[in-house]
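Naming: A, B, ... by sequence-line order, numbering from 1 per chain.
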Amino acid sequence: KREVFIKAFEKIDRELRSVFRELADGEAWLELEYPDNPFSGGVFMLGKFGDKMPRESASLSGGEKAVISVAFLMALQSAYTSPFYLFDEIDANMDAEKAERLGEFLNKWGEASQIILISLRDTVLSKAHNIIGVYEKEGSSYIARLNMERIVDGGGKRQSSQN
Amino acid sequence: KREVFIKAFEKIDRELRSVFRELADGEAWLELEYPDNPFSGGVFMLGKFGDKMPRESASLSGGEKAVISVAFLMALQSAYTSPFYLFDEIDANMDAEKAERLGEFLNKWGEASQIILISLRDTVLSKAHNIIGVYEKEGSSYIARLNMERIVDGGGKRQSSQN
Amino acid sequence: VYISKLEIRGFKSFEKNVTIELARGFNAVSGQNGSGKSNIIDAIRFVLGENSPKSLRESKMSSLINEKAKIKQGRVSIQIVNDNHALPVQEETVNITRELFEDGSQKYFLNGKRSTRNAIIDLLLSARISFDGINIVPQGALNRIAETTPAERRAILEDIV
Amino acid sequence: VYISKLEIRGFKSFEKNVTIELARGFNAVSGQNGSGKSNIIDAIRFVLGENSPKSLRESKMSSLINEKAKIKQGRVSIQIVNDNHALPVQEETVNITRELFEDGSQKYFLNGKRSTRNAIIDLLLSARISFDGINIVPQGALNRIAETTPAERRAILEDIV
Ligand SMILES: Nc1ncnc2c1ncn2[C@@H]1O[C@H](COP(=O)(O)OP(=O)(O)OP(=O)(O)O)[C@@H](O)[C@H]1O
Ligand SMILES: Nc1ncnc2c1ncn2[C@@H]1O[C@H](COP(=O)(O)OP(=O)(O)OP(=O)(O)O)[C@@H](O)[C@H]1O
Ligand SMILES: [Mg+2]
Ligand SMILES: [Mg+2]
């Protein structure tokens, strides 16, 4: 049992390191509290952004937490793959550069898995294979298939999204 | 005591209605659970966005909650004015149109009170009287006085902000 | 497997029948605040078997029915393409429908035939699909992943293994 | 009254002395994730007397000192313009400085003279300035205002009156 856990732990740790590097300039990794007896302790997640000191994930800034959380979620997939992902505004706290990298990452990931992401940002929406617009008319919701030209035109309320 | 409370309640309710109309297309207001005996019940806050039904503030969407929360905060000022406001990423959940209206509202409010707002959005930053850029260099934080041209240029990492 | 189509009627802000076609890869959904984006996620979780109204941002299940709907009934259908047969059935596409009535009663349908919540949950689990998996991140919930304690994180890894 | 200047040294991510000049009206602060924006808000709350490390996103006060600082001391100074004399003192500008040392000890200064936390808090309260007023909205905290119960909201109104 311990062997199975350690093997999965190392696989997820490797995947975390690799996904994180795609999303940010820095490093992220997992550490066992008690490497000799994993089940008697916890699993730490650390992130090092840019030239800054490594920090425990819980003490990172808002946007840094968002990036490391996405990286951890995707790393878990290497041990337990889901066929699709539902992400609701996971880029809310990210600055422009990180959000754009997230969009590119999801575009790449979308070649192997299905992703349904809600986002208000054009820089992220423009990386999708398919864009769905939701709008309200007389108090009820409807949808429209969108392409990026209509969004960038700002053509009316229904295409309004974070510019 | 009851008189004092009712008077303040009505003043804050009026202000909530007026601020909300500046931030969104719709109405927001307060209601006493027991109008004859305010202290034995609570205070409801309701919001009606567009053509939709009025809803209690707690059951609104993420961005709708953000807008009604800002309106309520500003309404409280009519009863207890603060000399300055510190707002950390209050536009995170707002769509482009609401964020821009927030920026215009704060620009107007800034003529009477001091506002210090953290935002990642150009549309909001461009409405400020003064823009401060924060950047990291060799692991430490520094600041630079910015003007909008530098931000829109994207001139290097340090001006990077939500586009 | 992937979701090819979603049909929502009388559920939350979707008064009239709305069909959403999804691509195999990276789909993005956008629109103004309050337009109904998160309600789409709620609809998917609902049809996959979510029974906790709190997880669908309501205090009771009957609140999920659209307030304006002439017929007080909520209905969500999902079409899953079974290309790799991760779902252990013959069919190339699997259709699941869930109906919710004003009195709180519910009906589940699998490929047109009446079914049960348990049967559908078991079927979906073989393709690693569940209404509350780690592959679903509701609005505002992302950063909790960075904020879990080391003990909780170990538990997450143990569950996965 | 308004804040005209903030000086931060050895506090959180501000290793070297950094001076921030603020305008009377609408100031906006931006920069990449993790650059130090929220730390500026923490610095303002700190110099106004915040004593709860949790409210400053740390588990203990000594963690507020910059990790790289050669002298293990954190220092924040705020300059408040007293144009309408809401602060009941003669001076046109009021300077408050707070120093934090590695052993957890602290020093407060008011216009250059040694002072106490209580004296400064009382002075600020007459201008309706406090480190945890409703005029301060930390990152992620905004929507709680919409989510308070009706009873809590009544309590907020009662406190204001
Ligand atoms: N049972 C219902 N009947 C009618 N309308 C409903 C019902 N339940 C929810 N709604 C509507 O759905 C809206 C919220 O939709 P949703 O949470 O999907 O918004 P959203 O597009 O995700 O917005 P945001 O960008 O702010 O997160 C509510 O404002 C409400 O008007
Ligand atoms: N005592 C300290 N010594 C050195 N650096 C510190 C210290 N405390 C915090 N930091 C740094 O400050 C960073 C967080 O800064 P802050 O929360 O202000 O970021 P932010 O600009 O608000 O980011 P976001 O846009 O993601 O919210 C941490 O990533 C950490 O590197
Ligand atoms: Mg939403
Ligand atoms: Mg921050």
- Can you establish whether the number of heavy atoms outside K7(B) located under 6.0 Å from its atom NZ is more than 12? no

- Side chain, backbone, both or neither: which part of K1(B) has a heavy atom under 4.5 Å from chain D? side chain

- Query: So which of V43(B), N107(B), I12(B) has the largest heavy-atom pair count under 4.5 angstrom toward chain D?
  - Reply: V43(B)

- Would you name the heavy atoms of S38(D) and D88(B) that are closest together and state the gap between them? OG-OD2, 2.7 Å

- Hey, does the side chain of N143(D) reach the backbone of G62(B) with a donor-acceptor pair shorter than 3.5 angstrom? yes

- Just how far is it from atom OG of S30(D) to atom CG of L117(B), taken to the nearest 0.5 Å? 9.0 Å

- Task: Between chain B and each of L157(D), V1(D), I3(D), count heavy-atom pairs under 4.5 Å; write down the option with the most.
- Result: I3(D)

- Query: CD/E15(D) to CD/E138(B) distance, rounded to the nearest 0.5 angstrom?
  - Reply: 9.0 Å

- Item | Proximal component of V70(B), with respect to chain D [non-hydrogen, under 4.5 Å] | both

- Contact class of K16(D) relative to chain B, heavy atoms under 4.5 angstrom: side chain

- Just give me the residue among L30(B), I90(B), V67(B), L60(B) that pairs up with chain D most often, heavy atom to heavy atom, under 4.5 Å. I90(B)

- Query: Between N84(D) and chain B, which part of the residue has a heavy atom less than 4.5 Å away: side chain, backbone, both or neither?
  - Reply: neither

- Bottom line for I8(D): the part with an atom under 4.5 Å from chain B's heavy atoms is neither

- Task: Measure distances from I68(B) to the heavy atoms of chain D and classify the residue's part below 4.5 Å as side chain, backbone, both or neither.
- Result: side chain

- Note on the structure: Scored by heavy-atom pairs under 4.5 Å with chain D, the best of M45(B), E64(B), E136(B) is M45(B)

- Item | Contact winner vs chain B - E158(D), E147(D), Q139(D), heavy-atom pairs under 4.5 Å | Q139(D)

- Assess whether side-chain contact (heavy atoms from CB on, under 4.5 Å) is satisfied between L120(B) and N33(D), documenting all intermediate values. CA-CA 9 Å; L120(B) 297 175; N33(D) 296 133; 4.2 Å; yes

- chain D interface, residue from M74(B), K65(B), Q77(B), K127(B) that has the most non-hydrogen pairs under 4.5 Å: K65(B)

- Per-residue contact mode, T81(B) against chain D (heavy atom under 4.5 angstrom): both

- Item | Whether over 12 other heavy atoms sit under 6.0 Å from K11(B) NZ | no

- Note on the structure: Of W109(B), F39(B), F72(B), the largest count of non-hydrogen pairs under 4.5 angstrom with chain D goes to F39(B)

- Give the C-alpha distance, both sets of side-chain angles, the deciding distance and a yes or no for side-chain contact (heavy atoms from CB on, under 4.5 Å) between I118(B) and I40(D). CA-CA 10 Å; I118(B) 295 173; I40(D) 292 172; 5.8 Å; no

- With rounding to the nearest 0.5 Å, note down the distance linking CD in E21(D) to CD1 in I143(B). 8.0 Å

- Note on the structure: d(Y142(B) OH, I20(D) CD1) to nearest 0.5 Å is 13.0 Å

- Of all heavy-atom pairs between A128(B) and N27(D), which one has the smallest distance, and what is that distance? CB-C, 4.4 Å

- Task: Could you walk me through whether I44(D) and I116(B) pass side-chain contact (heavy atoms from CB on, under 4.5 Å), step by step?
- Result: CA-CA 11 Å; I44(D) 294 172; I116(B) 301 165; 4.2 Å; yes

- Message: Less than 4.5 Å to any heavy atom of chain D: does that hold for the side chain of E89(B), its backbone, both, or neither?
- Response: side chain

- Note on the structure: When the 4.5 angstrom heavy-atom criterion is applied to E31(B) and chain D, the contacting part is neither

Solution key, residues 123-137 of chain D side-chain donor-acceptor pairs under 3.5 Å, sequence neighbours excluded:
from, atom 1, to, atom 2, distance (Å)
S126(D), OG, L123(D), O, 2.5
S130(D), OG, G133(D), N, 3.2
N135(D), ND2, F84(B), O, 2.8

- Can you tell me how far the CD1 atom of I132(B) sits from the CG atom of L22(D), to the nearest 0.5 Å? 4.5 Å

- Residues, nucleotides or ligands: over 12 heavy atoms within 6.0 Å of K68(D) NZ: yes

- Query: How many angstroms lie between CG in L32(B) and CZ in R154(D), if you round to the nearest 0.5 Å?
  - Reply: 10.0 Å

- Message: Just so I understand: if I count every heavy-atom pair under 4.5 Å between each of G47(B), S69(B), P38(B) and chain D, which residue has the most?
- Response: S69(B)

- Side chain, backbone, both or neither of K37(D) within contact of chain B (heavy atoms, under 4.5 Å): both

- F14(D) backbone acceptor or donor facing S141(B) side chain under 3.5 Å: no

